[in-house]
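Since the structure comes first, as structure tokens, the remarks are kept for the end.
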There are 2 protein chains.
Amino acid sequence: MSSTVAKALSLLNYFSESEPEIGLSELARRSGVDKATVHRMLAVMCDHGLLEKRGDARLYRLGAGVLRLARVRETAFPVSSVFQHSLDTLSAEIGETAHGSLIAGRALATIGVSESNRGSRVSLVAGEILPMHSTASGMVVLAFSRPEFVDRALGEPLVAKTSRTVTDPNIIRARLQEVRLTGYAEADQTNEDDVYGIAMPVFDTDGTPAGAIAVAMPAHRMTNELRRHTISALFAEADKLNFGIGGRPPAEFRAAAARFSPT
Amino acid sequence: MSSTVAKALSLLNYFSESEPEIGLSELARRSGVDKATVHRMLAVMCDHGLLEKRGDARLYRLGAGVLRLARVRETAFPVSSVFQHSLDTLSAEIGETAHGSLIAGRALATIGVSESNRGSRVSLVAGEILPMHSTASGMVVLAFSRPEFVDRALGEPLVAKTSRTVTDPNIIRARLQEVRLTGYAEADQTNEDDVYGIAMPVFDTDGTPAGAIAVAMPAHRMTNELRRHTISALFAEADKLNFGIGGRPPAEFRAAAARFSPT
DNA sequence: TCTCTGCGGTTTATTATTATCAACATCGGT
DNA sequence: ACCGATGTTGATAATAATAAACCGCAGAGA
């Protein structure tokens, strides 16, 4: 938990789209790590290209090394690009914003977005970390994950992102059971007000969830017909996606998919 | 060099396109770090999503976290995408493979490739790390870098990649002086047999090199006319690229560009 | 089938490294 | 000259690396 490397790596998570450059003192304050230590860690990470210091300012930002690593991974295991294609298809067909996420360690990382071209649409940023308990994507991933993974996720403090967020682990576990039966998860303004999300899992070669694809729409626009259409499209795209990345859905999910009738 | 974090991060560099999955013992052997230590480091990095263990096999590979970090950086500072556009333009105009690289720590990382559609062409992998002394991109970056950076780069052991590779720091420094005058660098089979490269620097907002764009072609195909055409196109694209990423070429480079006459 | 070998993973006590804390030097902007 | 920021240094306390074992497992070969 408090290993040196873990502390250093956790510094990377403070960089986001809304705050792409951060100074030493700021990082030290947020991470709770000593300033001198943070400085040394930053120096090491700069040396390895994970971070870089703008010679101009005295701020740090993510370095070109992360671009390189991402390229290496994407060349060897093209997941992001395959996701993007499915997301574009989804957003075009549903007319709402679609996004994809992958399990990264114990978190869920958004790695692809395709916004609808409507004037009113849900807008979200790629690279964001999604909470497991308050998003449809998180729930659908948990539903098909191993118990240890679920325990660890629900063991952490569950933040109430909105007034509708469920933070009781027991209720969440009950919902996970439902998700296992339907194959998809819905999040009615549990992560963000006015946003209704529907998500479906994507699997790895070993049958464990690799991530999720989801459609997010303004809550007031949700109808039964739109839900059916979305879920149907998600099943289709999830199927293609699993094929594209070599994922093998477990029997439980395949059963749920077979149970779904797009009537 | 011997910091814990540095050792952990250096493990990431063993993953490449040609070897995207590596086991624990293999990593321990190559890095020279103890197996138990490597195991702990890998566990931490898996926990943070930089790596992931395929539940199936017992191998490690780069995780989804690197995709997320790359997206965050690319959203805040779109460099890779801007590069790609220039590279596509270059390869289309010259008819040879173009590639772009960025300084990542003390190394030069390939972050974009656009192969020509010729049957015979130079093929190279994105995500590769380029040597500074034996590639045109490396030389052009060094030529406009600060002396400390050059000293550090030339202080490391210089590998002779081919029979033509120059490994004498003094000769290299002399060549850097020439590059400063011309604004571009040429590598005639100094990094790879039969490959002739021409590179041009791209700059950061503070006037230091951010990376380079380069054209690589089969050495036997090189002619004076092709060289002129390539250099001319590189100057044009470098100019656009600097504008696109907000780079400010130093006076020395602007003078070299003005000196060039595409006659 | 049985053994052998190499691998991933874990443990132990010891050794070496590193974080920490506080203090100070330094730079830039107001 | 002020202030908050980045760096940097010192001694002490906490942490992690090391080395050499060990287990369980899988595949190879006899």
Side-chain angles (χ1 to χ4, degrees), chain A residues 1-15 19-48 50-63 105-106 146 148-149 152 204-208, chain B residues 1-15 19-48 50-63 105-106 146 148-149 152 204-208:
Chain A
M1 182 61 161
S2 56
S3 92
T4 307
V5 182
K7 268 183 277 191
L9 295 184
S10 70
L11 294 178
L12 295 176
N13 292 330
Y14 292 100
F15 296 90
E19 200 172 11
E21 296 182 301
I22 313 181
L24 186 150
S25 298
E26 186 68 22
L27 274 172
R29 218 177 299 120
R30 294 201 198 169
S31 63
V33 183
D34 188 82
K35 195 172 50 170
T37 306
V38 171
H39 180 249
R40 222 171 313 153
M41 289 171 171
L42 292 179
V44 171
M45 291 199 280
C46 281
D47 200 53
H48 280 256
L50 259 64
L51 292 176
E52 61 189 26
K53 195 193 332 187
R54 267 186 34 195
D56 191 330
R58 288 186 308 273
L59 298 172
Y60 297 83
R61 67 175 185 188
L62 293 171
R106 60 179 61 187
R146 300 172 53 188
E148 309 91 80
F149 190 83
R152 201 174 54 176
D204 228 321
T205 54
D206 60 349
T208 60
Chain B
M1 183 61 165
S2 55
S3 99
T4 306
V5 182
K7 267 183 278 190
L9 294 184
S10 70
L11 293 179
L12 295 176
N13 292 329
Y14 293 100
F15 296 91
E19 199 171 11
E21 296 182 301
I22 313 182
L24 187 151
S25 296
E26 187 68 21
L27 274 171
R29 219 177 300 119
R30 294 201 197 170
S31 63
V33 182
D34 189 84
K35 193 171 56 169
T37 306
V38 170
H39 178 252
R40 227 172 311 151
M41 289 171 172
L42 292 178
V44 171
M45 292 199 280
C46 281
D47 199 54
H48 280 255
L50 258 64
L51 293 177
E52 62 189 25
K53 197 194 327 188
R54 269 187 31 196
D56 190 329
R58 290 185 307 273
L59 299 172
Y60 296 85
R61 67 175 184 187
L62 292 171
R106 60 179 60 185
R146 300 173 55 186
E148 309 91 80
F149 190 84
R152 201 174 54 176
D204 228 321
T205 53
D206 61 350
T208 60

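Chain letters run A, B, ... following the sequence lines, proteins first, then strands; residues in each count from 1. Quantities reported herein were computed from a predicted structural model and do not represent experimental measurements.
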Whole-Å distance, L42(A) CG to dT8(D) C1', equals 15 Å

Whole-Å distance, K7(B) NZ to dA16(D) P, equals 13 Å

(message) On the nucleotide dC7(C), are OP1 or OP2 found under 4.0 Å from the side-chain N or O atoms that Y60(B) carries?
(response) no

Testing dG9(C), dG7(D), dA19(C) for proximity to the side chain of T4(A), the answer is dA19(C)

Sequence neighbours excluded, the answer for side chain to side chain donor-acceptor pair (under 3.5 Å) partners of S31(A) is none

Per the under-4.0 Å heavy-atom filter, residues of residues 19-39 of chain B near DNA chain D come out as V33(B), D34(B), T37(B)

Please identify each residue that fulfils side-chain contact (heavy atoms from CB on, under 4.5 Å) with [X], with sequence neighbours left out.
X      : answer
E26(B) : I22(B), R29(B), R30(B)
D47(A) : R106(B), R152(B)
H39(A) : L24(A), Y60(A)
R40(A) : A36(A)

- Query: Are side-chain heavy atoms of T4(A) and M41(A) found at a separation under 4.5 Å?
  - Reply: yes

Between R40(B) and R40(A), whichever has its closest DNA chain D nucleotide further toward 5' is R40(A)

